[in-house]
Structure formats: C-alpha cells, structure tokens
Amino acid sequence: MNQTPYDTSGFPTAYPAPLTGHFRVLPADFIVDEQMDFALSGEGEHLWLQVRKTGANTDWVGNQLARCAGISGKDVSYAGLKDRHAVTTQWFSLQLPGKDDPDFAALPPEIEILAQSRHDKKLRRGALSGNRFSLTLRHCTGDFAEAAALCQQISQQGIPNYYGEQRFGHNFGNLRKAERWFAEGIAPKQRTQRSLYLSAARSWMFNYILAERVRTGTWNQRLPGDVFMFEGGNAWFADDVADATIQPRLDALDIHPTGALWGRGELDTQAQARELEAAQTALFPVFCAGLEKQGLKQERRALRIKVGEVGFEVLDAETVQLSFELPPGSYATVFMEQLGDFSSKSVPVR
C-alpha cells in the first residue's frame, strides 16, 4: 500500500559531512535549554515552572506535575516536546484557579524544578524563541579541522530546514498510519493522533521538495517564481523579479526561500519553483487527497534555518562538544547530519 518506501537516507545534505561517531551515549550528552523572551507577571491563576528533566519525555513530566498539584493533565501546558533521551530544561504552566502553589516534594528524581512564578496566561504551544543545544559526540573519526571550518560556514549560511526522523514516528509509523487512514477512510479516534498523522504526511512531502532544492543547489538561492519568508517570522511574499534587494537579503539570511506544506488551494509559487513543487508533491497522491479532504489549507515553511552561536570544541582524540541555537520547529539531528554520520547509542531510560 505504500506510495513509496520510507527512508530518510535519501535526503541529501548541503555540506560534506566529514565526521562519523555516536551521539546520546548518555542522556547528559544531549542537553537542550528552552529559550523564552518574555517576562512573567508574578500573579495570576497559572503557575509557571521551569523544569529540568533527565531521561524522561515531556508528557510524562506533565502528568507527574499534575499528580502533585491534584489537577487533570489537560490543565498542564508546555511550549513544545523535548527529547526523551536527554537532559532538557523547559517551562510548564499549571492552571490553578483559587489554589495555592502545590508541594512538589514527591516528584520523581528525573524532574527538578529550577524556578517558578505566577502568570495571568497559560503557556501556549510554540511560545518560545528557540532552543540552545549542547551535544557531546563520542567515538568520532574524520577530519576535525574540516568539521570546525564547516561549523563556521553553517553559522554564515544556515542549514536545510528538514523535518527530523522523529516527526515520522518509530519505523515511520506515523506515515504508514496516515496512509492507511487516507486510503481506507477509517480515521483515528483520538484528536492528537489525527493531528500527528496529518503533520507527518505534510512534513514528508515538504522534505521531498527541500531535498530536490538541495540536489539542485537552490535551497538557499533564488529560484524563479519563489516565495520568501522573513527570518524569525511566518509571513511570506512572492518573488518580484525586478526587486534587486532579494539576493542581498538572501545572502544576509534576512529572508529564506520556502516550500509548500500541502493543503487545499493553489501553490503560491510560480514558474520554475512551482514546477518543482508540483512534481515532488505529485509523488504522493494519497497524501495530497487526504490532507485536502481533512480541510488543511496551503501553507509555507522556510527551506533554510539560521543557526545561532555555533561552537565546536575538540575534547580529546575521539570526542567533540558541539553547541548551537535553533529556532522553534527545527531539529538538532538535522544539524548533525550536515556535520557527519552519527548513530544514537542511548542508554535505556524511562
């Protein structure tokens, strides 16, 4: 029934990838710190908690916070999911109208509360400015000097904005279930599952568009008929061939070319860019029809990520420390794929 075999190894990288090695040998080898850019009011019915979690997934942590607070899990909010096999810092909000701050002494040792404050609004999905990563890469082989130079190049040029493998589920299960849903017409019962499968199908087609732009060397270049997105925003605009400022703004990473997130309506691109998108999305007729039937509308996503504060430090002959900042909705594993071929050797955790 598959439209095509699911395999991310066919997505090309934009850089030479000079290293091989392992990542996530231990949870502390993969550190993520959520970045927020707004202040809390100090009063209100929502208790915000900055939490450090180790070897645990975000939903499980949310349920543990709800248990201690004596509230439902649906009254706990967070800005985004964080890696399970990692040490991550992120914010949660608990809706506690008319209630005092709970006692969190009974929290499991995997969860540490770093700060807390009241606020008049709950924490909403996507309400973060980005994530700071610190990764320890072990058993590395290859050209460390070339990798360091590549990190400098990435800080100046960005990386392709692929969706990471985790978007598609274990063994691409989210894609397979989306395909079965669209082909057989039997919808998942849970809303969260429906959302997950729709997102996976859309993301997979976007990756195909981006992969073709990487192959043709146009993922960070102006293609006739392109649509561009502003750095740090979601607004987009169509190419004006007479606008001589487009290329300098692309070079400065102020704007980025975009790719289609499939749904109802016409593609926003024109000319060569539209032909490329139409050819790639036509490979997935089941996904196209299913997404349209579910009422999703055409949207856009930047083809390129601007990477902040890239650091590369050699710790010993086989170990390097990699650090960088990414905007929301992007994946650290995609950065790593530009740098080398790294396999996960994570230890079993909750």
Side-chain angles (χ1 to χ4, degrees), residues 32-131 163-164 166-170 173-174 177-178 181 186-203 234 291 294-296 299 328-329 349-350:
V32 189
D33 293 315
E34 196 172 68
Q35 307 295 300
M36 293 286 192
D37 59 2
F38 55 86
L40 301 177
S41 65
E43 56 185 21
E45 68 177 38
H46 299 276
L47 176 64
W48 285 47
L49 303 172
Q50 187 183 37
V51 171
R52 179 187 292 129
K53 65 181 185 65
T54 301
N57 68 56
T58 300
D59 283 332
W60 180 79
V61 172
N63 288 331
Q64 296 303 309
L65 295 173
R67 177 181 59 81
C68 285
I71 60 176
S72 170
K74 66 181 179 62
D75 294 322
V76 178
S77 304
Y78 48 82
L81 297 171
K82 292 291 180 290
D83 296 82
R84 178 181 181 180
H85 302 292
V87 177
T88 68
T89 300
Q90 69 179 118
W91 285 90
F92 292 80
S93 73
L94 285 62
Q95 188 168 14
L96 301 169
K99 296 183 179 181
D100 294 331
D101 292 357
D103 181 359
F104 294 106
L107 282 174
E110 297 93 333
I111 304 171
E112 179 185 0
I113 295 178
L114 304 179
Q116 64 184 69
S117 179
R118 288 279 180 159
H119 196 51
D120 54 352
K121 296 178 181 178
K122 80 174 195 176
L123 177 57
R124 298 193 177 277
R125 289 293 183 100
L128 65 157
S129 59
N131 293 292
Y163 285 99
Q166 53 268 55
R167 185 80 166 193
F168 310 116
H170 177 66
N174 294 342
K177 291 172 183 176
W181 170 17
I186 303 175
K189 295 181 179 180
Q190 297 183 10
R191 181 179 177 181
T192 54
Q193 288 181 322
R194 295 195 296 271
S195 176
L196 201 63
Y197 303 157
L198 292 171
S199 295
R202 257 185 152 189
S203 302
N234 295 315
L291 291 167
Q294 294 305 313
L296 277 72
E299 296 182 276
V349 293
R350 185 191 305 273

Inset, instruction - Determine whether more than 12 heavy atoms belonging to other residues, nucleotides or ligands lie under 6.0 Å from atom CZ of R124. - result: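 Counting other residues, nucleotides and ligands, CZ of R124 stays at 12 neighbours or fewer.
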
Is there a donor-acceptor contact under 3.5 Å from the side chain of [X] to the main chain of [Y]?
X	Y	answer
R194	P188	yes
S117	W48	no
N174	R167	yes
S199	S195	yes

Inset, instruction - Output yes when D75 and K122 qualify as a salt bridge under the 4.0 Å nitrogen-oxygen rule, no when they do not. - result: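 No salt bridge links D75 with K122.
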
In Å, rounded to the nearest 0.5 Å, how long is the span from [atom1] of [X] to [atom2] of [Y]?
X	Y	atom1	atom2	answer
L47	Q116	CG	CD	5.0 Å
E34	N131	CD	CG	6.0 Å
W91	K82	CH2	NZ	13.0 Å
R118	L94	CZ	CG	9.0 Å
D59	R84	CG	CZ	11.0 Å
D120	E43	CG	CD	7.5 Å

Which heavy atom of [X] sits nearest to which heavy atom of [Y], and what is that distance?
X	Y	value
A69	P102	CB-CG, 3.6 Å
M36	L128	SD-CA, 3.8 Å
V61	K53	CG2-CD, 3.6 Å
S203	Y163	CB-CD1, 3.3 Å
D83	T88	O-CG2, 3.8 Å
R67	A106	NH2-O, 3.5 Å

Legend entry - Stepwise side-chain contact (heavy atoms from CB on, under 4.5 Å) test for L65 and L107: CA-CA 7 Å; L65 295 173; L107 282 174; 4.0 Å; yes

Do [X] and [Y] come close enough that some side-chain heavy atom pair is under 4.5 Å?
X	Y	answer
Q90	L123	no
L291	R202	yes
Q294	W181	yes
V87	R52	yes

